[in-house]
Amino acid sequence: MIAIVDCNSFYCSCERLFRPDLEQKPVVVLSNNDGCIISRSDEAKQLGVAMAGPYFKAKPIIEQNDVTVFSSNYNLYGDLSWRVMETLRVMFGTEKVEVYSVDEAFIKLDTTPPTEIENLATQIKNTVEQWTGIKVSVGIAATKVLAKVANRLAKKNKQLTNCVAVIHTETKRIEALKKTNIDSVWGIGFSYAEKLKKHRINTAYDLSLKDIVWCKKHLGGVVGVRLVQELKGIPCITMHDELTDKKMIATTRMFGEAVTDIESIKEAVATYTSRAAEKLRRQNCSAKTIGVFLVTKQQNHNASFNRGATITSHTKLEVATSLTHLLIKPAIAMAERLFQQGTVYKKAGVMLSNIVNDTSVQGNLFVDESTNKQRFLMDVIDNINFSQRDDMLKYAASGTTRNWKMQQLFHSPKYTSRWNELCLVQ
DNA sequence: TCTGGGGTCCTAGGACCC
DNA sequence: TCTGGGGTCCTAGGACCC
């Protein structure tokens, strides 16, 4: 059996942890730049605040109902996420836990006797809540996809389920699948849902009756086959190794306000490159390819949801590296190539790919090897920035004015990761 | 006026190899 | 005039996730 543990309204729960006065009150958390709503407490959901909808559209409801609004505080969420995951690792052992996202983890339960499963689910929920203060829902079933189905049903009716649901019999499986709309199935997004509805497949149960050949043809080949097998109760999606390195690392941001000058673009690109290189070094890797993209601001506003054009460029390095200055140079050159005078930009990003572990970087016959020693300098910079303050040490190319910096009007303190922002008890 | 950020996997098709 | 069979690697693009 496989369990999925999923934190309830995770970002909102994190904010509430240090603001107990907001318990039972409507709370929302906004995306970077205070653009969209990315987390809602149950109370906010009940008021009809839409998920992933733009903040400005929900503003009337928010103001009328005195909803508390937060900008996203990733230092806080990252730290609390670590505590939740660590609790699970202590309970089950590191090798049984697969962290799937900031607020979700799968747990392999191959040694638990079937009669104990239900109790175990409750025990997971209670322990995480007691140790971290974060409420979670637990779904358990024979496959990952079915565990997700169970988890969704557990969350949907919290009073009845106590945030715990187990699918352990054939009857339960069928019942659960019949209650699950096709667009709520893990792995079915907007396009597939539309397609399936045209074929009169409206619930997870309908889909589970389809045969393999059909799924291969209509749901993206092997991906669709795996999904349907899992719905039938046959495990196909394996547990992943925890320690795999990222294959792509990106840092991308909307600008606080539209940008028209090359200097700001270059500063932003240099800053994002530094961030991305930091992430790269944290997993002890180097990248051989660096890409830069700029997104223009859409000028005609007739569409209800408009994205500007994206222009991209990438550079292959002679030798894979994680040294910030070696990455900034080509990044800025690309930014200069992409930039067009007179165009209005709203977003930029840097992507590192072709990532290899530092232990297996392939040398280049024609390139001096000595640059590798500068890795030590990077470690010093990372340590200072991590322990003191972000960007205490930075490259001049990153600039000092930062007019393009994103907007965050409702940021809460970094309660758990900065000494001078600790929660004070009066 | 105002709509996020960071990832994964898979497929098809072209270039190239012996 | 006649022109095989079996591969690999890379890239772009499409789908999905939270």
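In the text below, chain A, chain B and the rest are named by the order of the sequence lines, each starting its count at 1. Worth saying up front: this structure is predicted, and the values here are computed from it rather than measured. The figures here come from the full heavy-atom set of this structure, side chains too, leaving out hydrogens, waters and symmetry mates.
- Contacts of A:R275 with the nucleic acid, taken as non-hydrogen atoms under 4.0 Å apart, are absent.
- One atom, OH of A:Y74, and another, P of B:dG6, lie 9 Å apart when rounded to the nearest Å.
- If you check the side chains of A:S264 and A:D261, you find a donor sitting under 3.5 Å from an acceptor.
- Proximity of A:S72 to the phosphate of B:dG4: no side-chain N or O atom is located under 4.0 Å from OP1 or OP2.
- Between A:K279 and B:dG6 there is a side-chain polar atom (N or O) within less than 4.0 angstrom of OP1 or OP2.
- When each of A:V222 and A:Y55 is assigned the nucleotide of DNA chain B bearing its nearest heavy atom, the one mapping closer to the 5' terminus is A:Y55.
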Bracket string, DNA chain B, 5' to 3' - pairs by Watson-Crick or G-U geometry under 3.5 Å, | interstrand: ....||||||||||||||
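- Side-chain atoms of A:N151 and A:S137 form no donor-acceptor pair, as typed in the model, at a separation below 3.5 Å.
- Distance alone, capped at 3.5 Å, places no donor-acceptor pair between the A:S39 side chain and the A:V29 backbone.
- For the pair A:K297 and B:dC2, the criterion of a side-chain N or O lying under 4.0 Å from OP1 or OP2 is met.
- In this entry the distance linking CZ of A:F293 with C1' of B:dG7 reads 13 Å, nearest Å.
- Taking atom CE of residue A:M254 and atom C1' of nucleotide B:dC2, one finds them 9 Å apart after rounding to whole Å.
- Checked by atom type and distance alone, the side chain of A:N73 pairs as donor or acceptor with a backbone atom of A:S412 at under 3.5 Å.
- For the side-chain contact (heavy atoms from CB on, under 4.5 Å) criterion with A:V292, the lone passing option out of A:M334, A:E336, A:H314 is A:M334.
- Side-chain contact check for A:E175 and A:Y205: no donor-acceptor pair (N or O, by modelled atom type) lies under 3.5 Å.
- As rounded to whole Å, 10 Å separates atom C1' of B:dG4 from atom OH of A:Y11.
- The nearest whole Å value for the distance from the CD atom in A:Q283 to the P atom in B:dG6 is 14 Å.
- For A:E257 and B:dT3, the CD to P distance is 13 Å, given to the nearest whole Å.
- Considering every non-hydrogen atom in both A:F255 and A:Y345, the closest pair reads CD1-O, 3.7 Å.
- Heavy atoms of A:L30 sit nowhere under 4.0 angstrom from any nucleic acid atom.
- Rounded to whole angstrom, the span from the CG atom of A:N75 across to the P atom of B:dG5 amounts to 16 Å.
- Along DNA chain B, the nucleotide nearest A:N33 and the nucleotide nearest A:K246 are compared for position; the residue whose nucleotide lies closer to the 5' end is A:N33.
- Atom-to-atom distance recorded for A:Q407:CD and A:S71:OG is 8.5 Å, nearest 0.5 angstrom.
- Side-chain contact check for A:K394 and A:S274: no donor-acceptor pair (N or O, by modelled atom type) lies under 3.5 Å.
- Rounding to whole angstrom units, CZ of residue A:F410 and C1' of B:dC2 are separated by 12 Å.
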Under 4.0 Å protein heavy-atom contacts per nucleotide of nucleotides 9-18 of chain C, with B for base, S for backbone only and - for none: --S---SSSS
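- Relative to the side chain of A:K347, the nucleotides B:dG5, B:dT3, B:dC2 differ in distance, and B:dG5 lies closest.
- Atom CG of residue A:L109 and atom CZ of residue A:F92 lie 5.5 Å apart, to the nearest 0.5 angstrom.
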